[in-house]
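Quick notes on the structure that follows.
In each ligand, atom 1 is the first atom listed, and ligand 1 is the first ligand listed.
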Amino acid sequence: MQLTNLTATEVVAGISARKFNAEEVAKAFLDRTAKLKNLNIYVHLDDEVVLNQARDVDRRLAAGEAVGPLAGLPVAIKDLLCVQGEPTTCGSKMLANFRPPYNATVIEKLKAAGAVLYGKANMDEFAMGSSTENSCYGPTLNPWDPARIPGGSSGGSAAAVAAMTAPVSLGSDTGGSIRQPAALCGVVGLKPTYGRVSRYGLIAFASSLDQIGPFTWNVPDMALMMEAISGGDPKDATSLPDAVPAYSQEIEKRPERLRIGVVKEFFGEGLDNEVAVAVHNAIEVYRKLGAEIKEVSLPHSKYGIAAYYIVAPAEASSNLARYDGTLFGHRAKDFSPADEAEKDLPALVRMMMATRAEGFGAEVKRRIMLGTYALSAGYADQYYNKALKVRRLIRNDFETAFKDVDFLIGPTTPTPAFKLGEKAANPLAMYLSDIYTITTNLAGIPGLSMPCGLSSEGLPIGMQLVGPAMSETALLQAARLFERETDWHTKRPNI
Ligand code: GLN
């Protein structure tokens with residue numbers, strides 16, 4: 001048996017049935033990871049740290065102690081989730097030597113469930129990007145075709161699963177960073193409802209948009225992970241206290257209602273023809289399953305990218321103000337005045353300026369400048385406040401649509417994975433790769449991407465299902481229904 005081919009559900013079941021133990025599982029994934037180093041998936045991975053956790057699970061099992069529902073399951077972690085004492089660097093030189101003194105709540109929950117924390121997965125610096133090319137560690141390569149990007153910003157987390165170097169992983173999604181790489185790497189990715197999962201210990205990018213979510217091979221694995229990480233948290237005031245459903249049991253039921261809205265605006269200009277065909281085929285699968293299919297319109301979605309690129313950078317400019325070399329992270333060694341104008345500045349200010357100039361990459365600097373500008377006196381009404389109004393209109397569009405339908409369906413991304421370097425020099429082209437995912441973040445609602453086809457070049461194609469706030473149960477049920485009729489979720493890259 002190839003342990004690295006197993007789904008999370010199979011890993012957990014096999015360990016609890018003593019078919020194999022947690023250490024064997026961890027070893028199998030570590031061996032495979034070592035062979036696939038060229039993909040640059042992990043930025044920090046300590047074999048001994050992983051093996052010790054696995055051995056501890058085995059010891060507890062042997063002693064008859066209670067182990068959690070994820071006992072022995074390796075979970076790769078996006079490098080922006082705080083793990084106590086372990087490097088947590090956000091793909092940034094700014095945090096190169098940062099080791100958090102505490103665990104994120106999702107990390108605590110994974111540990112309590114018996115999971116084995118696997119390596120830290122590569123990402124775009126501070127989660128800003130759609131290709132993982134903005135990482136200070138260099139890009140992650142797409143396991144389906146190493147000449148292509150894996151998507152981003154959670155590209156390492158998506159590739160970790162797709163390359164079978166970990167059975168599941170965690171990422172974060174501010175404008176598409178879970179769903180877009182999931183689509184481009186041929187795995188399932190869920191951005192939960194804003195507040196469904198605690199963000200305590202997630203290094204913030206744009207706090208009104210950020211959510212944590214899993215990458216998995218299939219919907220049962222997604223349910224398993226969501227059960228473990230969801231729930232209210234006194235340490236995150238934006239988390240929702242609602243009880244966590246038994247997703248794993250619920251997903252085998254048919255959703256109560258199956259009225260699916262096909263979003264007109266998501267099938268327009270810029271959409272690759274093979275992607276459009278794959279999603280239309282998926283819609284036909286649902287029709288055969290008895291779904292009522294309707295066309296719906298989200299008329300303001302065309303302003304989504306523009307609104308997002310005001311709101312997200314504005315929040316980022318505030319969140320990233322803390323990286324100034326005083327408390328933690330990078331500190332410039334040389335901050336002597338660079339020119340006449342700097343000569344009169346206090347040394348502390350020069351230290352901060354030099355630290356930020358050295359520590360941040362080009363995209364992060366671009367966002368900080370954009371955001372600072374959009375918030376500055378005299379411009380806030382024209383930009384930031386206007387973007388908030390557009391955000392409200394986008395949210396209203398969804399509310400109107402959900403009066404008639406239970407889910408929305410569309411492509412996750414306009415094209416399959418693009419080539420490394422193809423969009424790196426053109427920020428606007430890069431921003432457009434999130435055109436179908438960004439609006440759900442602005443509205444705070446859940447979106448799930450799942451495989452629904454392969455292009456003629458053998459690249460994965462993803463479709464997105466979107467539901468109203470806190471509709472995760474129904475969303476997972478609808479996704480599971482599709483999975484039972486098709487075999488796209490069983491396709492693996494040939495590496
Ligand atoms: N690609 C988008 C951006 O660069 C979304 C990133 C994300 O979801 N973290 O902002």
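Geometrically, ligand 1 and Y308 share a nitrogen or oxygen pair separated by less than 3.5 Å. Close N/O approach between T174 and ligand 1 is found [any backbone or side-chain N/O within under 3.5 Å]. In terms of polar-atom proximity, F205 is not counted as a contact of ligand 1, lacking any N or O under 3.5 Å from an N or O of the ligand. For S177, a nitrogen or oxygen atom sits less than 3.5 Å from a nitrogen or oxygen atom of ligand 1, counting backbone and side chain alike. The shortest N or O to N or O distance between G152 and ligand 1 is not below 3.5 Å. When only interatomic distances are considered, the shortest N/O to N/O separation between G129 and ligand 1 falls below 3.5 Å.
Nearest protein heavy-atom contact of atom 2 (C) of ligand 1 is D434 OD2, 3.1 Å. Atom 3 (C) of ligand 1 has as its closest protein heavy atom Y309 OH, 3.3 Å.
Across every non-hydrogen atom of W144 and A162, the tightest pair is NE1-CB, 4.1 Å. The heavy-atom pair separating N142 from A417 by the smallest distance is ND2-CB, 3.5 Å.
Ligand 1 has G176 within reach: a non-hydrogen atom of the residue lies less than 4.0 Å from it. No heavy atom of Y431 sits closer than 4.0 Å to any atom of ligand 1. At a 4.0 Å cut-off, at least one heavy atom of R367 sits close enough to ligand 1 to count as contact.
Ring geometry for Y102 against Y200 counts as tilted: the plane angle lies between 30° and 60°, on a 0 to 90° scale. Between Y323 and F126, the angle of the ring planes lies from 30° to 60°, which puts this pair in the tilted group. F266 and Y436 have tilted rings, their planes meeting at an angle from 30° to 60° on a 0 to 90° scale.
Crowding of K386 atom NZ: a count of heavy atoms from other residues, nucleotides or ligands under 6.0 Å not exceeding 12. The neighbour count for Y431 OH, taken as heavy atoms of other residues, nucleotides or ligands under 6.0 Å away, is above 12.
A donor-acceptor pair is defined here as one N or O able to donate and one able to accept, closer than 3.5 Å; no such pair exists between the side chain of D210 and the backbone of T174.
Short contacts between ligand 1 and A127, defined as distances under 4.0 Å to a heavy atom of the residue, involve ligand atoms 6 (C), 7 (C), 9 (N). Within ligand 1, the atoms closer than 4.0 Å to a non-hydrogen atom of S153 are 9 (N), numbered from 1 in the order shown. Contact atoms of ligand 1 toward M128: 4 (O) (distance under 4.0 Å to a heavy atom of the residue).
Using a 3.5 Å distance cut-off with no hydrogens or angles, the side chains of S172 and K78 do pair a donor with an acceptor.
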